[in-house]
Amino acid sequence: MQFFAEEETLLGSIVSSLQPKKAETQKNWGIFAILFMSGLILIIISIPFASFLILNPKPFCLLFSAGSFIILLSMLQIIELKTLFNKISSSAATLLYLVSLIACLYTGMFYMGYFYTLGLLSLQIASLIYLTVSLFPGGKTGMHAAFNLLKNQLKGIFLKKTFLPL
């Protein structure tokens, strides 16, 4: 079964127009690099606004969310849309990312509070890193191994009676 294989439908024609062409491989890597760097630049520009997060979280949330979304869109240039959609739709991290993106924009725009915004931003960062790394071969296995290592280290620290090695 092919995913959106029919070009007669509107969605099928949109999907086929967004997919990278085989002859334009070099151009797609260039567009990927430009989009990825522009997303990183937006995230870097948002960092100075983090110090004003308590007073005005709006610029930080807008710049950071736009940058993270552009980074995710840059993956369309190197991975076919069918493959990207299949990989992303099978992950719970996608739902976490979209919920945290929308909720972060909402809390940032309507000044819901510092801790809500900070928590949603950290959730957005973690899910974006997971989604980005999991798109590459072996990335999902590596992320699971890193999370298991971190979980075991945290269990070892917090389940001991004392922190001192006596």
Side-chain angles (χ1 to χ4, degrees), residues 3-4 9-21 24-140 142-144 146-147 150-151 154:
F3 183 74
F4 296 126
T9 64
L10 178 63
L11 189 57
S13 63
I14 291 172
V15 167
S16 64
S17 68
L18 289 175
Q19 287 180 348
K21 306 293 187 265
E24 300 176 355
T25 307
Q26 295 293 336
K27 185 178 179 185
N28 288 333
W29 280 103
I31 293 173
F32 164 75
I34 290 170
L35 285 175
F36 192 82
M37 291 304 290
S38 63
L40 280 178
I41 288 170
L42 283 175
I43 289 175
I44 290 169
I45 290 172
S46 72
I47 290 172
F49 290 105
S51 60
F52 299 110
L53 198 58
I54 296 173
L55 301 173
N56 189 8
K58 186 189 227 178
F60 180 77
C61 288
L62 289 175
L63 287 170
F64 186 83
S65 298
S68 67
F69 190 69
I70 288 173
I71 287 175
L72 196 59
L73 284 179
S74 71
M75 296 296 162
L76 280 176
Q77 299 303 318
I78 56 171
I79 298 174
E80 287 185 2
L81 189 61
K82 290 186 255 186
T83 309
L84 181 71
F85 184 77
N86 288 336
K87 284 185 176 186
I88 286 180
S89 65
S90 65
S91 174
T94 307
L95 183 63
L96 281 174
Y97 174 72
L98 292 175
V99 166
S100 65
L101 178 73
I102 292 168
C104 180
L105 288 173
Y106 180 78
T107 59
M109 295 296 283
F110 298 112
Y111 307 107
M112 297 301 288
Y114 171 73
F115 291 111
Y116 291 127
T117 307
L118 193 60
L120 290 169
L121 282 172
S122 61
L123 184 64
Q124 186 178 352
I125 291 169
S127 59
L128 178 69
I129 289 171
Y130 182 82
L131 284 175
T132 305
V133 170
S134 69
L135 289 175
F136 293 104
K140 191 175 276 190
M143 289 299 289
H144 287 295
F147 283 137
L150 181 67
K151 183 176 74 172
L154 290 175

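Closest non-hydrogen pair, Leu120 versus Ser100, comes out as O-CB, 3.8 Å. Between Phe32 and Ser74, the shortest heavy-atom distance links the atoms CD1-O, 3.1 Å. In terms of heavy-atom proximity, Ser65 sits nearest to Tyr97 at O-OH, 4.5 Å.
Annotation: side chain of Phe60 is in contact with side chain of Leu121 (closest heavy-atom distance under 4.5 Å).
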| query | Passes side-chain contact (heavy atoms from CB on, under 4.5 Å), Tyr130 versus His144? Steps please. | reply | CA-CA 9 Å; Tyr130 182 82; His144 287 295; 3.2 Å; yes

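Interatomic distance, OG1 of Thr107 versus CG of Leu118, reported as 10.0 Å (0.5 Å rounding). Note that CG of Leu128 and OG of Ser68 are 5.5 Å apart. Values are rounded to the nearest 0.5 Å. Ser127 contributes atom OG, which lies 6.5 Å from atom CD of Gln124 (distance to the nearest 0.5 angstrom).
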Could you give the side-chain donor-acceptor pairs of residues 35-50 under 3.5 Å, partners two or more places apart or in another chain?
from	atom 1	to	atom 2	distance (Å)
Ser38	OG	Ile34	O	3.2
Ser38	OG	Leu35	O	2.8
Ser46	OG	Ile43	O	2.6

